[in-house]
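Below is one structure; the comments refer to it alone.
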Amino acid sequence: MARSLDLYTAEKLAALDVQALRRSLQDTAREGVWIVRGGRRLLSFSCNDYLGLSVHPELKVAAKAAIDRYGVGAGASRLVTGNHPLYGVLEERLAAIKKTDDACVFGSGYLANTGIIPSLIGGDDVIFADALCHSCLWAGAQLSQAQLHVFRHNDVTHLEELLARYRPSHAHALILTDGVFSMDGDLAPLPELARLASGFDAWLMSDDAHGLGVLGAGAGSAAAMGVTPDLQMGTLSKALGSYGGYLCASRPVIELMHTRARTLIYSTGLPPAQIAAAIAALDIIRREPERVAAPLAKARAFTKALGMAPAQSPIVPVVLGDEQAALTASSVLEEAGFAVVAIRPPTVPAGTARLRIAFSALHADADVLRLAETIRTKVLHGARSTTIVNAAGRSA
Ligand SMILES: *Cc1c(COP(=O)(O)O)cnc(C)c1O
């Protein structure tokens, strides 16, 4: 009987409770921007379904047709027998929207990052990562066993110093950044990063999980800034409303993934329905520019109402500092009928617990303003705005 295991985990949980860092799962029935939790119907500002596509009838029809034709599961890894024909269609569409030679779809964004990075970078190499990179970029960096240097968030001068000092003594170098930072909603300076990458012969990898479908007319953050990073990864699970991850890059890079990316090779292919839904989502993104523009427009209406700097993406943080303040703010908003989840360390650096507000094309303008007013009066108590604190802590 593993009594020591239960004692150990119970102690850990008690310590997390004391720090207001314990997390728990809650049953959540979701229909677009509305969720039902504990018997209450709440308007959610915590979904990454920016375009409302996860509940779109066209995606549902496409997914059902794929199930009827190919079944509910892939049956094996893509390298074995799981590479159903929808993969090729989706990869062609992804490469087209990202303007790359080719693309490779992975099981999720997390699996993409933990597969891509160690396939390209090893123990003799060096990685430079923005301090606020997503957790799965850190995981990929750790798996690679490369030397890791962290540059201050969006600080290209700091990155340049690190490149000058550490790049020359390594065989290969990789720069990692989010395109849109998932918890801050700001954008990476991709043109400057690309310039440094080419100057120091480093490869630039941008994680555009929150850019595809909402920035750059739907093509993402790099397109919005007119650059093409060497490695453009992202997810099918946010604006595309489905599930899965991808890498868009040159043909040799993609072909190497097929042979070397362990998370692709040793994990079952995606269910055909998810691929079909992602293809349908890309069709809608191409056809409906107003839908694509809506989340950012709503985020800007919100930041304007609160006197904050204009939103750069559909994600707006209201940084409150300590964990308890963020949890209290979240429950105050729940009382008012809004679901806005408190984000705490280690997802964000210590001292920067926050409300992370995500806007969707499905939000009514009046509800956006009502949320702003509720935050102004009940969370900020009339204060004009908050500052966004970007501590240079690592997020994993
Ligand atoms: C959500 C997210 C991921 C992970 O994508 P999944 O498909 O959900 O695994 C990766 N990077 C960033 C920046 C994210 O926000």
Side-chain angles (χ1 to χ4, degrees), residues 30 45-51 53-54 90-91 94 98 103-118 127 129-143 153-154 174-188 190 193 204-215 220-222 224 229 231-248 261-264 267-271 273-275 277-278 281-282 295 299 312-317 341 343 346-349 354 356-360 390 394-396:
R30 207 171 65 78
F45 284 88
S46 284
C47 301
N48 297 318
D49 185 17
Y50 300 114
L51 303 175
L53 296 182
S54 75
L90 177 60
E91 287 171 344
L94 287 167
K98 292 289 184 180
C104 179
V105 169
F106 289 79
S108 70
Y110 201 106
L111 289 170
N113 279 335
T114 50
I116 297 161
I117 299 169
I127 292 176
D130 185 286
L132 296 185
C133 274
H134 191 265
S135 177
C136 55
L137 286 166
W138 298 116
Q142 274 165 2
L143 286 171
H153 177 55
N154 278 352
L174 181 66
I175 299 170
L176 297 178
T177 187
D178 289 14
V180 178
F181 286 86
S182 57
M183 297 298 139
D184 292 82
D186 56 344
L187 308 185
L190 292 175
L193 296 179
L204 177 60
M205 177 165 174
S206 154
D207 177 338
D208 204 29
H210 299 276
L212 179 65
V214 289
L215 297 180
S221 58
L231 302 151
Q232 303 191 64
M233 72 71 59
T235 179
L236 311 175
S237 64
K238 284 162 185 163
L240 268 53
S242 182
Y243 195 73
Y246 66 85
L247 172 66
C248 290
R262 300 170 73 91
T263 56
L264 181 79
S267 188
T268 301
L270 279 169
Q274 300 316 122
I275 304 282
L282 288 172
Q312 293 177 267
S313 76
I315 302 164
V316 178
V341 173
I343 307 286
T347 306
V348 291
R354 68 195 64 188
R356 172 190 180 273
I357 303 167
F359 293 91
S360 161
N390 283 322
R394 288 174 41 170
S395 57

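What you are looking at is a predicted structure, and each value in this text was computed from that prediction instead of being measured. Counting starts at 1 for both ligands and their atoms, following the listed order. In this chain, numbering begins with 1 at the start of the sequence shown.
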Can you list the ligand 1 atoms lying under 4.0 Å from a non-hydrogen atom of Ala209? 2 (C), 11 (N), 12 (C), 13 (C), 14 (C), 15 (O)
Any Cys133 heavy atom less than 4.0 Å from ligand 1: no
Between OG on residue Ser221 and CG on residue Asp208, distance to nearest 0.5 Å: 3.5 Å
Element-labelled atoms of ligand 1 that are located less than 4.0 Å from some non-hydrogen atom of His210: 14 (C), 15 (O)
Report, in ascending order of atom number, the atoms of ligand 1 lying under 4.0 Å from any heavy atom of Thr235. 5 (O), 6 (P), 7 (O)
About how many Å separate CD of Gln232 and CG of Asp207, when rounded to the nearest 0.5 Å? 11.0 Å
So CG of Leu193 and CD1 of Ile175: to nearest 0.5 Å the spacing works out to 6.5 Å
For ligand 1, is any non-hydrogen atom under 4.0 Å from Cys136's backbone (N, CA, C, O), its side chain (CB onward), both, or neither? side chain
So for Ser108 against ligand 1, with non-hydrogen atoms under 4.0 Å, the contacting part is both
Is Ser54 reaching over with its side chain to a backbone N or O of Asp49, donor-acceptor style, under 3.5 angstrom? no
Any donor-acceptor pair under 3.5 Å linking the side chain of Asn154 with the backbone of Leu187? yes
Specify the protein heavy atom at minimum distance from atom 9 (O) of ligand 1: its residue, its atom name, and the distance to 0.1 Å. Tyr110 N, 3.0 Å
Donor-acceptor side-chain pairing of Asp184 and His153 below 3.5 angstrom: no
To the nearest 0.5 Å, what is the distance between CG on Leu212 and CE on Met233? 11.0 Å
For ligand 1, find out whether one of its N or O atoms is nearer than 3.5 Å to an N or O atom of Lys238. yes
Counting heavy atoms only, name the option from Gly109, Ser237, Gly245 that's nearest to atom 8 (O) of ligand 1. Ser237
If you take all heavy atoms of Cys133 and Leu137, which pair is closest and at what distance? SG-CD1, 3.8 Å
Looking only at protein heavy atoms, what sits closest to atom 11 (N) of ligand 1 is Asp207 OD2, 2.5 Å
Would you check whether Met233 reaches within less than 4.0 Å of ligand 1, judged by its heavy atoms? no
Between Thr235 (side chain) and Ala209 (backbone), is there a donor-acceptor pair under 3.5 Å? no
Find all atoms of ligand 1 within a distance of less than 4.0 Å from any non-hydrogen atom belonging to Ser182, and give their numbers and elements. 15 (O)
Going by the order shown, which atoms of ligand 1 are within less than 4.0 Å of some heavy atom of Gly244? 7 (O)
